[in-house]
Protein chains: 2
Amino acid sequence: MSNMLTRVAEIVSRMTIRDVAREAGVSVGSVSRALNGGKNVSARVARDVAAAAEKLGYQPDLQARSLRTRTTGMVGCLVSDVANPLYASIVQAAEARLRDAGLLMVVANTANDPARERAVVAAFRSRRLDGMLVAPGSDENDRAWRELAAGGAPVVILDRDVPHEEDTPWPAVLVDHREGARTATRYLIGLGHRRIALLTPGARMRPGRERIAGFKAAFAEADVDPAGALVCLQESSMDFAQGDALELLRRDQRPTAIIALGTRILAGALRAARDLGLSIPADLSVIAVGDTDLAAVHSPAITALRWSLEDVGRAAAELLLQRLRGTGEGPSRALLPVDLVLRESCAPPTAK
Amino acid sequence: MSNMLTRVAEIVSRMTIRDVAREAGVSVGSVSRALNGGKNVSARVARDVAAAAEKLGYQPDLQARSLRTRTTGMVGCLVSDVANPLYASIVQAAEARLRDAGLLMVVANTANDPARERAVVAAFRSRRLDGMLVAPGSDENDRAWRELAAGGAPVVILDRDVPHEEDTPWPAVLVDHREGARTATRYLIGLGHRRIALLTPGARMRPGRERIAGFKAAFAEADVDPAGALVCLQESSMDFAQGDALELLRRDQRPTAIIALGTRILAGALRAARDLGLSIPADLSVIAVGDTDLAAVHSPAITALRWSLEDVGRAAAELLLQRLRGTGEGPSRALLPVDLVLRESCAPPTAK
DNA sequence: TTGTAAGCGTTATCAC
DNA sequence: GTGATAACGCTTACAA
């Protein structure tokens, strides 16, 4: 019994810097200096302190250190849903880079709920996180953004247009969805398509808005009838997309090509095509927005717009680190390219 | 200029409990009591303090509070890769539950590197996190697990068998992969299959080991030739799986059914079948382990083993919260079921 | 009920 | 170079 208690005590009671100081026969100040900078410490003290720390299994309390240094070594990451592959890869890459820099990452999902966003921002602020990566669910949540700015900690926005004070845009990593959509659309128009449907979730967020803009821009440039540019706003659910696509493909003047976002909407469109006996690419050309497993594995393989989520995460981490170190400003925004990966799902429309 | 400075000062300099005390005309102790328990405070003080806090925009420094209370309000989550959909959903669900309980979650990816695992465990410990959720990349990393135990903070293991001291198994959330694999195999045997291939990554981790055990158990129970149970260890790469499956399906005595893990391996197997002109399910039956988009959307739709990742995350969070609150032990392990979702990819083998 | 003061474990500022 | 000692912002006995 007493044996057990001893063991528990051994395990639980943590060694403090004072214990180390006593063991090494020096002052706490010396221990701190020896363990940190290594500056202004004699070789003897350095050695004794290291030995004592090792012997006692001392591990500094970073929590306490934070109180003094006013830096927590943690950054927050606010996304709507880490389980969404789109965010998961970004978070993954950012975390890797930040951990290499010795920082821990705190994640919080908001499910696109403005109230939660505010709560998370407040929580991050109260916990004094050194910085944050944010991908809000909507661009409109003024109270949250004011809080964000008031926090004083560096912030990097992930592929969103968050409103800002006049002349101080938020540092951000942006993806060039507009140019991507334009390229894809131009490609389809080049193949001879004149009625193309863009299946995308609402224009509430930057990526959707930019895609729609690029889509329309391609039609305008090519000088073809803009009425052929069919924008179909989608809930991000497979069933919903399937229903919508069915309706769309049954029309008299059905589109001869579809540009569909992500896994769910793409899957819905593919199912609809199958249900109607339309073969790809003979009867219908398809381009996926975002290169998912499904696009790559489907037969025929689906031509897709691809951008690097890892790059987004890495760039965001880099931007944040730059601000944290306060080293000469450098660029505060990054615009990442989108590529069109040609596969087997597009062909000229069959004459009618 | 001075205007700007003032504004910056307003923004950056944080209000402390002393500021609130001064503003409200009470002592810091009273402020603390008023803001926390609300116990032993007169209505007047409560009102004045609330007003002062509101007016000054006071937000308590949770970092400082932690130092006193010895609790950080944060839990760590160690996984090999949050971008892996398998973990992403678990992390998502756990985070949701924990945040509801007022806790923040710190994530760290280890890429299955034992050294990183140790580093992460140490970092979590140094930061004095209240508890942790752990899914190691391998069950063998003794130094890390000792550190983990030494930390003293409650730990919940995610679907792994981490070695433990004699009589104190780690609290854990386990998935019944063994029973799942057994059910799937039994189903195929019932359809008449006698040569079945199990494509799964190594047996280094619990899920793989359990699946193999269940697979073999089904053969043993059914009293059919155990030589028909083909275990094919896979890298988790599509190309590799495709090559392997090709080799497998070209054999004289090729398997008439395949059980394949996840998206990548499943995709490889499907491609191999297509390349060889094998139609599913006429020539080859297929069962997916894990219900992915690919399985649901493929034509024919793939019969799959499914378990709830959300439940894993939720259960883990629940188990951890229970320990954190120290409320009477309760069960320390959860075993979650695996279901077989019947779709269109399985049929009796064609006579040969 | 309220105020005072002693920490929590560090780091940083001083004299020496 | 080294050792006291004062913060950091908060909670919590303990006194009043």
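Below, chain A is the first sequence line, B the second, and so on; all start at residue 1.
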Report task. Side-chain contact test, heavy atoms from C-beta onward, threshold under 4.5 Å: evaluate it for A/R14 versus A/Q59 and give yes or no. Result -> no
Report summary line: Between CG of B/L56 and C1' of D/dG9 the distance, given in whole Å, is 15 Å
Query raised in the report: Would you say C/dG9 has OP1 or OP2 under 4.0 Å from some side-chain N or O of A/T16?
Result: no
Query - Interatomic distance where CZ belongs to B/R18 and C1' belongs to D/dC8 [whole Å] - result: 10 Å
Report task. Give a yes/no on whether any side-chain N or O of A/R128 is located under 4.0 angstrom from OP1 or OP2 of D/dG9. Result -> no
Report task. Spell out, as yes or no, whether a donor-acceptor pair under 3.5 Å connects the side chain of B/N141 to the backbone of B/P114. Result -> yes
Requested in this report: Begin from the C-alpha positions of A/R146 and A/D142 and carry the test salt bridge (charged side-chain N to carboxylate O under 4.0 Å, His left out) through to its verdict.
Outcome: CA-CA 6 Å; A/R146 250 197 301 279; A/D142 281 356; 5.3 Å; no
Query raised in the report: Are B/R97 and B/E318 close enough for a salt bridge, meaning some N to O gap below 4.0 Å?
Result: yes
Show me the donor-acceptor pairs within less than 3.5 Å that the side chains of residues 132-139 of chain B make with the rest of the protein, sequence neighbours left out.
| residue | atom | partner | partner atom | Å |
| --- | --- | --- | --- | --- |
| B/S138 | OG | B/E140 | N | 2.8 |
| B/S138 | OG | B/E140 | O | 3.4 |
| B/D139 | OD2 | B/R209 | NH1 | 3.4 |
| B/D139 | OD2 | B/R209 | NH2 | 2.5 |

Anything under 3.5 Å between a protein N or O and an N or O of nucleotides 1-4 of chain D, put it in a table, one pair a line.
| residue | atom | partner | partner atom | Å |
| --- | --- | --- | --- | --- |
| D/dG1 | OP2 | A/N40 | OD1 | 3.2 |
| D/dT2 | OP1 | A/S42 | OG | 2.6 |
| D/dT2 | OP2 | A/S42 | N | 2.7 |
| D/dT2 | OP2 | A/S42 | OG | 3.2 |
| D/dG3 | OP2 | A/S27 | N | 3.1 |
| D/dG3 | OP2 | A/S27 | OG | 3.3 |
| D/dG3 | OP2 | A/S30 | OG | 2.6 |
| D/dG3 | N7 | A/R33 | NH2 | 3.0 |
| D/dG3 | O6 | A/R33 | NH1 | 3.2 |

Report task. Mind calculating the distance between CG (A/L62) and C1' (C/dC8) to the nearest angstrom? Result -> 15 Å
Query - N/O donor-acceptor pair, side chain B/R68 with base D/dT11, under 3.5 angstrom - result: yes
Query raised in the report: Hey, does the side chain of A/R65 come within less than 4.0 Å of C/dG9's phosphate (OP1/OP2), counting only N and O?
Result: no
Query raised in the report: Under 4.5 Å between any side-chain heavy atoms of A/Y58 and A/D19, yes or no?
Result: no
Report task. Take B/S32 and A/R70, find for each the nucleotide of DNA chain D with the closest heavy atom, and name the residue whose nucleotide sits nearer the 5' end. Result -> A/R70
Requested in this report: Pick out which of B/R127, B/R128, B/R125 makes a salt bridge (charged side-chain N to carboxylate O under 4.0 Å, His left out) with A/D61.
Outcome: B/R128
Report task. Figure out the CZ/C1' separation between B/R127 and C/dT10, and round it to whole Å. Result -> 14 Å
Query raised in the report: How close or far is atom P of D/dA7 from atom CG of B/D61, stated in whole angstroms?
Result: 18 Å
Report summary line: B/L67 atom CG is separated from D/dA7 atom P, nearest whole Å, by 17 Å
Report summary line: Students should find that the end-to-end axis angle of the helix from C/dT1-D/dA16 to C/dC16-D/dG1, with five pairs defining each axis and rounding to 10 degrees, is 50°
Query raised in the report: Sub-3.5 Å donor-acceptor pair from the side chain of B/D130 to the main-chain atoms of B/G73, do we have one?
Result: yes
Report summary line: Whole-Å distance, A/N36 CG to C/dT11 P, equals 5 Å
Report summary line: Here the distance between atom P of C/dT1 and atom CG of B/D48, to the nearest Å, is 16 Å
Requested in this report: Count the heavy atoms belonging to other residues, nucleotides or ligands that lie under 6.0 Å from CZ of A/R333, then report whether that count exceeds 12.
Outcome: yes
